[in-house]
Amino acid sequence: MENFNDLGLNANILSAINKLGFERPTPIQEKTIPEILNTENDIIALAQTGTGKTAAFGLPLIEKIDVSNKDTQLLILCPTRELCMQIAKDLDTFSLDTSHLFITAVYGGANIIGQITDLKRGSQIVVGTPGRVLDLIKRKALKVEKIKWLVLDEADEMLNMGFKDEMDEILASTPEGKRNFLFSATMPNEIREIAANYMHNPVEISVGKKNAGADNVEHHYFVVKPKDRYLALKRIVDMYPNIYGIIFCRTRMETKEVADNLMTDGYNSDALHGDLSQAQRDHVMQRFRSGKLQMLVATDVAARGIDVTDLTHILNYNLPDDPEIYIHRSGRTGRAGKSGISITVIIQKELSRIKVLERITKKKFEHRLIPNGKAICELQLFNLIDKIKNIEFDEKQISQFLPVINKKLDEMSREDLIKRFVSVEFNHFLNYYKDSTDINASTKVRENNINEIYERRDKNRSKKDANLILEKTGRKNRNRNRDDQSWEPKNRLVLKSEDRDNRDRDTKKVPRIANI
Ligand code: AMP
């Protein structure tokens, strides 16, 4: 692997990289940085969040900006407000040692007047969501006639969100001779069309499908009956007293419901979804980032662009419509050299989806059993004891109260004292789990069936044969919905957009969510 010094970056950028603690370029950076610095080519890069793609285009482009000229030279389009703010923040840190460089982020749901004022001051780099960027172009507040570089970040996601028209209009108002850099996690035909219409012989760069952190992620799944999904979630969360993670739901409604239930049940959690105002979203995110909030219950769209590196767990309360989204979700843990666990709560009839995910990720998914009440109580109890053992206390502060405390507890034995102290924290667990039952659902029969079908398919039997096997063994689901078809083991596993819209209101175009 190359060193940052070998990529041709200037001293200011290298010094910023050094301060950031980046030791080596990631694969996408190794390929993209020299291409941007040393050629005049357009680029299409297949890369997901977590691969270091922001630095891959950000570092060389910051170097190329003419800081003596205040015209907007680089325009970056991205799908969500969160990602927009993240990119602008990253570019700010990359340009720590580059003077006279101005970066403005423009996105919906925030006061446009403030953004217009920032743009008037002159910004060589503008990062924005398509709706707001187009609005600002139309108001003549953002001038894109002189841009030299255009980055389309998460291009597939912008298309999924219905930004095609805005992207077309923006692209049409930018100069023909600019260089275009398109980053996308998937390459559907619509992306190829954009490339054919607007790019000039682009160089294609691919760094594989996996997120950078994916190797450090373990995948576990728990099988329950549909009615026990929430109960299972609570037990799983109770298994990990120090959990810091995101619970993914499929719809806003489900997100609200799960978050409300968890909060009512005393868990340190909150919801993040498109129905919240920007101020509410910012507040929730600020609490989550600072670690005050242990669990964020979120839809996929709302969680995009969240860049928290030390999440311990990802919980899939429901699997997403598209298996690739599972990969995005699980890649949010196990980052920056840390390990993480991606957990899925699944019902029996969805078990075949685990096989699909194992094929895509090339990783084994472990079937775990939800522990019974006694095991969870034990786990929580030992965690509490460890906490008591390791807690730091202020000797001076506490000693002033000790005489009174000693007097009050004088007659209690050591054993009695321990029981009482532990019970203060622990009684609600004992009560809750007192009469708990086993909620694991059986997987046996179904697992055998699935293995059999896959074995047949591996022997190159036709789909007709596989269907016959299913029919013969009475296992074909005649009411299978369109959503299930996207989990069929095939090469492209992306759902059609109309299915997506039907399944998850939150995946609809961002403007409706964020008033862009
Ligand atoms: P991105 O794919 O741009 O969202 O980046 C994912 C994370 O990786 C961000 O937190 C970056 O700060 C971090 N990152 C990017 N490049 C490197 C690198 N070469 N070494 C270590 N971390 C990096």
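We count ligands from 1, going down the list as the structure has it; atoms in each ligand are counted the same way.
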Rounding to 0.5 Å, atoms NZ (K70) and CD (Q124) come to a distance of 7.5 Å

Quick one: ligand 1 N/O to protein N/O pairs below 3.5 Å?
residue: ligand 1; atom: 2 (O); partner: G50; partner atom: N; Å: 2.8
residue: ligand 1; atom: 2 (O); partner: T51; partner atom: N; Å: 3.1
residue: ligand 1; atom: 2 (O); partner: G52; partner atom: N; Å: 2.7
residue: ligand 1; atom: 2 (O); partner: K53; partner atom: N; Å: 3.3
residue: ligand 1; atom: 3 (O); partner: K53; partner atom: N; Å: 3.4
residue: ligand 1; atom: 3 (O); partner: T54; partner atom: N; Å: 3.0
residue: ligand 1; atom: 3 (O); partner: T54; partner atom: OG1; Å: 2.6
residue: ligand 1; atom: 10 (O); partner: D307; partner atom: OD2; Å: 3.4
residue: ligand 1; atom: 16 (N); partner: Q29; partner atom: NE2; Å: 2.8
residue: ligand 1; atom: 19 (N); partner: R24; partner atom: O; Å: 2.8
residue: ligand 1; atom: 19 (N); partner: Q29; partner atom: OE1; Å: 3.0

Donor-acceptor contact present, side-chain S95 to main-chain T98, <3.5 Å:
no

Yes or no on ring-ring contact (aromatic ring centres under 6.0 Å, His included) for H328 and F248, after CA distance, side-chain angles and deciding distance?
CA-CA 11 Å; H328 275 278; F248 281 101; over 10 Å; no

Side chain to side chain contact (heavy atoms under 4.5 Å, CB included) involving T72 - partner list, sequence neighbours excluded:
V126, L142, I147

If a pair satisfies salt bridge (charged side-chain N to carboxylate O under 4.0 Å, His left out) and one of its residues is in residues 175-191, list it, with sequence neighbours excluded.
none

Sequence-distant partners of F222, ring pair (Phe, Tyr, Trp, His ring centres under 6.0 Å), two or more places apart
none

